J.: 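Got a structure for you, written out below as structure tokens; questions coming shortly.
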Amino acid sequence: MAKGDRVRYACTECGAVSPVWTGRCPTCGEWGTLEREAPTTGGESPRSAGSVKSVSVTDVPAQERISSGFEELDRVLGGGWVPGGVFLLGGQPGIGKSTLLLQTCGRMADRGIQVLYVSGEESESQVALRARRLGAGSENLRLFCDSDLALALAALDGCGFLVVDSVQAMRAPEESGWPGTPSQVRGVAQTCIEAAKSRSIPTVLVGHITKEGRIAGPMLLEHMVDGVLSFSGEDYSQYRTLRVNKNRFGSTEELGIFEMAEDGLHPVKDVSGLYWNKGGATVPGVAMTVALEGSLSLVAELQALAVGTAFPYPKRTARGVDVSKVQLFSAVLEKRCGVGCGLFDIYMNVAGGLMLREPSADLALCAAIASAVRDVPLPGDCVFLGEVGLAGEVRPVVRLSRRLQEASRLGFKRAVISSRESLQKQLPLEIVQAASLKEGLKAVME
Ligand code: TYD
Ligand code: MG
């Protein structure tokens, strides 16, 4: 028997293949996900070696990008949609996925592109009402509100952009089961991807996410598409962040920030304003740094509060930075700079809900803690840019000149950086170069 003739069972969750059926997938541990796969050798004859051709890179035409109408979204995508490229947009219910896509559809339709918005969740009157409210009233914007995917794709003729809202609400005709089950979700995604690729239509599939923040459905889903976008935000805040977790057409570094208003989503232009209380009173424990998010640079405000501890083990809590960093740098400050952190509970926060992961924020973190413990405010016109090591040394950071430019643009006058940075250009900022944390703190606190 040829290899392809054998019956195989594939897991709809993780894609693992097994020669026998089992109730539970031995690879991912999910129950009831193994499905029989049809033998691969049917009418197809193997291609002869002579018919196989490879192409030169220069013979493949470059694909043009199609603007989404939002500069922010284009930047996150790496320059706009790509013909035939399929993106999955995930996010919590009510975060604004449908709003963002409807606005995008409206802006593209206004430029003369035929757009098909398929909704398996809302009725035509609901979507049309919302579209009008969002200023997406062009006749090029076509709606299809039903969960039957085959009918939806039959309406695709002449379209230049497709949105399927959502992949869990649609029903793929050739799959069994209820919409939203792993095999249905995979079937819907596969059918949409085939339609998008064969007609070169940029496509967005909306995906609901699970409690853990993963897109609901089989894990394979994220491998099948060209890119995965995630739209998120805090419950109490009107700000939303758009990130790209996978992108076959560009970088995954970029970030877009939007504000949800009465009339839909608006891009936020002055991003630094969100995370920085712009020269308020100089309070002990506040230090500023410049963080990079893709091509965005933004000022971040680190706030530390130190209060005498009543416990044998002082407490450390942190929001916006890893708490282990607060523990580590408290120890470094104690040992290398004589800052008595051991007597204080330390609470750390990054203003505006920003998450700082870069080591370049270490110096600002240390300065904030030292300032809080000593109860001495830091100068309000100063930024801190450096990585701090266990020996208390200050190390260089990546893309320093970009960060200094942003700081100077926003009116900062001084920057404390590593003495190992080599500065080529003259900047309108007073530079304090420090070899060690102790030296850096001395320059701004004494
Ligand atoms: P929606 O796009 O339906 O979210 P999703 O598709 O991710 O589930 O957004 C719903 C929320 O957005 C809803 O709670 C109300 C709010 N919203 C506004 O504040 N302004 C608007 O103009 C619109 C359309 C929605
Ligand atoms: Mg929705």
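Start at 1 and go down the list; that is how both ligands and their atoms are numbered. Values below: every heavy atom of this structure, side chains too, minus hydrogens, waters and symmetry copies. Predicted model, so just to flag it, every value in this text is computed and none were measured.
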J.: Could you tell me which atoms of ligand 1, counted from 1 in the order shown, lie closer than 4.0 angstrom to a heavy atom of L134?
T.: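 Within the 4.0 Å cut-off of L134, ligand 1 contributes 22 (O), 24 (C).
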J.: What distance separates F161 CZ from Q114 CD, expressed to the nearest 0.5 Å?
T.: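 Going from CZ on F161 over to CD on Q114, the span is 13.5 Å.
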J.: Judging by distance only, is a nitrogen or oxygen of P93 under 3.5 angstrom from one on ligand 1?
T.: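 It does not: no N or O of P93 is found under 3.5 Å from an N or O of ligand 1.
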J.: Nearest 0.5 angstrom please: F249 CZ to R65 CZ, how far?
T.: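 If I round to the nearest 0.5 Å, the distance is 7.5 Å.
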J.: How close does the nearest protein non-hydrogen atom get to atom 25 (C) of ligand 1, and which residue and atom is it?
T.: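 Of every protein heavy atom, T99 OG1, 3.9 Å lies nearest to atom 25 (C) of ligand 1.
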J.: Is atom 15 (C) of ligand 1 near the protein, in the sense that some protein heavy atom lies at less than 4.0 Å from it?
T.: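 No; the ligand atom in question lacks any protein heavy-atom contact below 4.0 Å.
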J.: Below 4.0 angstrom from a heavy atom of A261, which ligand 1 atoms are there? Numbered from 1 as shown, please.
T.: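 Selected atoms, number and element: 18 (C), 19 (O), 20 (N), 21 (C), 22 (O).
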J.: Considering both backbone and side-chain atoms of G94, is one of its nitrogen or oxygen atoms within less than 3.5 Å of a nitrogen or oxygen in ligand 1?
T.: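 Yes, there is a polar N/O contact under 3.5 Å.
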J.: Mind checking whether Q92 contacts ligand 1 via backbone (N, CA, C, O), side chain (CB onward), both or neither, at a 4.0 Å heavy-atom cut-off?
T.: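 Only the backbone of Q92 comes within reach of ligand 1.
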J.: Quick test of your reading of the structure: of K97, R130, E259, whose heavy atom lies closest to atom 3 (O) of ligand 1?
T.: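 That would be R130.
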J.: If you measure from each heavy atom of S166 to ligand 1, is any distance below 4.0 Å?
T.: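 It does not, in that no heavy atom of S166 comes within the 4.0 Å cut-off of ligand 1.
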J.: Any side chain to side chain donor-acceptor pair (under 3.5 Å) involving residues 362-371? Give me the pairs, sequence neighbours left out, ordered by first then second residue.
T.: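 Every pair satisfying side chain to side chain donor-acceptor pair (under 3.5 Å) with a residue in residues 362-371: K325-D362.
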J.: With a 4.5 Å heavy-atom cut-off, do T27 and C11 have their side chains touching?
T.: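 Side-chain contact under 4.5 Å: no.
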J.: Heavy atoms only, cut-off 4.0 Å: how does R133 contact ligand 1, side chain, backbone, both, or neither?
T.: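 The answer is the side chain.
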J.: Within 45 degrees of the axis of the six-membered ring of Y117 and under 6.0 Å from its centre: does R142 put its NZ or CZ there?
T.: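 So R142 doesn't make the cation-pi contact.
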J.: Quick one: does M260 get an N or O within less than 3.5 Å of an N or O on ligand 1?
T.: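 No - when backbone and side-chain N and O of M260 are compared with those of ligand 1, no distance drops under 3.5 Å.
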J.: Out of all atoms in ligand 1, which are within 4.0 Å of some heavy atom of G96? Include the element for each.
T.: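 Matching atoms, with element in brackets: 1 (P), 2 (O), 4 (O), 5 (P), 7 (O), 9 (O).
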J.: What are the protein N/O/S atoms, named by residue and atom, that sit under 2.8 Å from the Mg ion (ligand 2)?
T.: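 Listed by chain and number: S98 OG.
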J.: Have S125 and S123 got a donor and an acceptor in their side chains that come within less than 3.5 Å?
T.: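 Yes - a donor-acceptor pair under 3.5 Å links their side chains.
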J.: Working to the nearest 0.5 Å, report the span between CD of E35 and SG of C25.
T.: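 Here the rounded value is 12.0 Å.
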